[in-house]
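Since the model is a prediction, treat every value here as computed from it, not as a measurement.
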Amino acid sequence: MSEQPVLVTRHEDDGVAVITLDSPHNRNALSTALLTQLRDAVNEAAADESLVAILLTSSQPVFCAGADLKEAARVDMIEQARRIIAVQRAIVVAPVPVVVRLDGPVRAGGLGLVASADLVVCSETVTFAMTEVRLGLAPATISIPLRARLAPRVAADWFLTGRTFDAREALAGGLVTRVAAPGAMDEVVAEVLTDLRKGHRQGLTSAKALLTPDLLADFDARGEEMARLSGLLFHSAVAQELMAAALRR
């Protein structure tokens with residue numbers, strides 16, 4: 001039996017757990033293996049009482065390409081949607097702040113990781129799109145954190161059109177916290193982490209606990225419903241045909 005490839009790595013940097021997506025073969029798509037490893041990495045960091053923050057980043061040019069369409073044709077997508085819900089909830093329930101660093105594009109399900117985080121630093125060259133509707137799907141599982149971050153009109157625009165939008169629009173819409181020039185990303189991320197390191201863990205965990213109750217309640221109330229909706233849409237004949245056509249392109 002072959003060993004599972006390592007798609008998510010974790011190391012510690014002065015009180016910050018750095019979790020890195022590293023699945024080059026599918027542009028960090030949300031495969032079963034990546035979701036499982038990411039959930040485990042976040043949960044392990046959440047249990048480490050020496051940490052003051054978690055940084056989620058990518059080793060690849062693309063932060064996340066969304067669902068793994070090849071896998072979607074052969075796995076139970078209701079279970080897969082439950083895994084996505086579990087990862088998003090793990091990010092929200094982590095006691096310390098979770099920071100996302102975005103150096104490259106984010107598509108579809110990847111936006112759920114972004115919206116679940118507390119702080120997001122984004123390169124001004126990054127683009128986003130929720131393309132689910134173009135495949136006969138809906139952004140069901142990621143709607144829970146996204147609706148918590150976005151104004152209703154912004155959510156309606158992005159959910160329904162599937163269009164691509166840029167970093168400045170993401171900032172204005174409430175999806176990201178700060179936008180930086182590509183050459184300034186290291187500096188801006190370092191500034192954010194330095195500020196968090198100045199906080200005492202007790203203060204950081206208490207402050208985060210003030211921000212998350214409504215979102216956690218929404219995950220608990222609607223998570224299973226959204227997972228089932230997502231999975232049923234993925235398994236529909238329409239979506240299977242459209243995904244197959246997308247893979248052929």
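The closest side-chain heavy-atom distance from Pro97 to Leu204 is below 4.5 Å. Looking at heavy atoms from C-beta onward, Pro145 lies out of side-chain contact with Val92 at the 4.5 angstrom threshold. Using a 4.5 Å cut-off on side-chain heavy atoms (C-beta onward), Met226 and Leu229 make contact. Side-chain contact between Gln4 and Thr36 is absent, with no heavy-atom pair separated by less than 4.5 Å. Using a 4.5 Å heavy-atom cutoff, the side chains of Arg222 and Ser143 are in contact. Side chains of Val87 and Val42 form no contact here, defined as non-hydrogen atoms less than 4.5 Å apart. Contact annotation: the side chain of Leu102 never approaches that of Met185 to less than 4.5 Å [non-hydrogen atoms, C-beta and beyond]. Side-chain contact check for Arg83 versus Leu34: every heavy-atom pair is 4.5 Å or farther apart.
A donor-acceptor pair is defined here as one N or O able to donate and one able to accept, closer than 3.5 Å; such a pair exists between the side chain of Arg201 and the backbone of Leu51. In this structure, Arg149 contributes its side chain and Ala115 its backbone to a donor-acceptor pair below 3.5 Å.
Atom CD of Gln37 and atom CD of Glu44 lie 10.5 Å apart (nearest 0.5 Å). With rounding to the nearest 0.5 angstrom, the CZ atom of Arg82 is 14.0 Å from the CG atom of Leu35. Rounded to the nearest 0.5 angstrom, Leu119 CG and Leu56 CG are separated by 12.5 Å. With values rounded to the nearest 0.5 angstrom, Glu49 atom CD is found 9.5 Å from Thr205 atom OG1. Note that the OG1 atom of Thr125 and the CG atom of Asp103 stand 7.5 Å from one another [nearest 0.5 Å]. Here the CG atom belonging to Leu211 is positioned 11.0 Å from the OG atom belonging to Ser206, to the nearest 0.5 angstrom.
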Show every donor-acceptor pair shorter than 3.5 Å between a side-chain atom in residues 58-70 and any protein atom, with sequence neighbours excluded, or say none if there are none.
| unit_1 | atom_1 | unit_2 | atom_2 | d |
| --- | --- | --- | --- | --- |
| Ser58 | OG | Asn28 | ND2 | 2.8 |
| Ser58 | OG | Gln60 | N | 2.9 |
| Ser58 | OG | Gln60 | O | 3.2 |
| Ser58 | OG | Val62 | O | 3.3 |
| Ser59 | OG | Leu21 | O | 3.3 |
| Ser59 | OG | Asp22 | OD1 | 2.7 |
| Gln60 | NE2 | Asp22 | OD1 | 2.7 |
| Asp68 | OD1 | Lys70 | N | 3.2 |
| Asp68 | OD1 | Glu71 | N | 3.2 |
| Asp68 | OD2 | Asn26 | ND2 | 3.1 |

Only distances under 3.5 Å count here; give the side-chain donor-acceptor pairs of residues 236-249 to other protein atoms, sequence neighbours excluded, each with its distance to 0.1 Å.
| unit_1 | atom_1 | unit_2 | atom_2 | d |
| --- | --- | --- | --- | --- |
| Ser236 | OG | Leu233 | O | 2.7 |
| Ser236 | OG | Ala239 | N | 3.2 |
| Gln240 | NE2 | Phe234 | O | 2.7 |

Let me check something: any side-chain donor-acceptor pairs from residues 173-181 under 3.5 Å, sequence neighbours excluded? List them with distances.
| unit_1 | atom_1 | unit_2 | atom_2 | d |
| --- | --- | --- | --- | --- |
| Thr177 | OG1 | Val120 | N | 2.9 |
| Arg178 | NH2 | Glu191 | OE1 | 3.3 |

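Nearest approach of Val75 to His235, heavy atoms of both residues: O-CE1, 3.2 Å. Here the closest non-hydrogen pair linking Ser116 and Gln88 is OG-CB, 3.3 Å. Taking each heavy atom of Ala81 and Thr141 in turn, the nearest pair found is CB-CG2, 3.6 Å. What you find for Arg39 and Ala86 is that their closest heavy atoms are CD-CB, 4.4 Å. Scanning both residues, Thr161 and Arg134, for their nearest heavy atoms gives O-NH2, 3.0 Å. Looking at every heavy atom in both residues, Glu12 comes nearest to Asp48 through OE1-OD2, 4.0 Å.
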Would Phe219 and Ile85 satisfy side-chain contact (heavy atoms from CB on, under 4.5 Å), going step by step from the backbone distance to the final call?
CA-CA 8 Å; Phe219 272 117; Ile85 291 285; 4.1 Å; yes
| request: Evaluate side-chain contact (heavy atoms from CB on, under 4.5 Å) for Leu146 paired with Met130, printing each intermediate quantity in order. | output: CA-CA 11 Å; Leu146 282 167; Met130 282 181 276; 3.5 Å; yes
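The residue from Leu38, Val98, Val106, Ile142 that alone fulfils the side chain to side chain contact (heavy atoms under 4.5 Å, CB included) condition with Leu113 is Leu38.
Val96 and Val192 fall into different hydrophobic clusters, defined by Ile, Leu, Val, Met, Phe, Trp and Tyr side-chain heavy atoms under 4.5 Å apart, directly or through other members. At a threshold of 4.5 Å between side-chain heavy atoms, the hydrophobic network of Ile, Leu, Val, Met, Phe, Trp and Tyr places Ile91 and Val8 in one connected group. If you chain together hydrophobic residues whose side chains sit under 4.5 Å apart, Val114 and Leu55 never meet in one group. Hydrophobic clustering, with ILVMFWY side chains joined whenever heavy atoms are under 4.5 angstrom apart, keeps Val16 apart from Val100. Transitive grouping of hydrophobic side chains (ILVMFWY, heavy atoms separated by less than 4.5 Å) brings Val154 and Leu111 into a common cluster.
Annotation: ring-ring contact (aromatic ring centres under 6.0 Å, His included) contacts of Phe165 (sequence neighbours excluded): Phe128, Trp158.
The residues Asp13 and Arg197 are annotated as salt-bridged, a charged nitrogen and a carboxylate oxygen being separated by less than 4.0 angstrom.
Residue pairs meeting the salt bridge (charged side-chain N to carboxylate O under 4.0 Å, His left out) criterion with at least one partner in residues 104-122, sequence neighbours excluded, are Asp118-Lys208. For the salt bridge (charged side-chain N to carboxylate O under 4.0 Å, His left out) condition, the pairs that include at least one residue of residues 151-168, sequence neighbours left out, are Glu124-Arg168, Asp157-Arg163, Arg163-Glu169.
Within a 6.0 Å radius of NE2 in His200, no more than 12 heavy atoms belonging to other residues, nucleotides or ligands are found. Heavy-atom neighbours of Arg228 CZ from other residues, nucleotides or ligands within 6.0 Å: at or below the threshold of 12.
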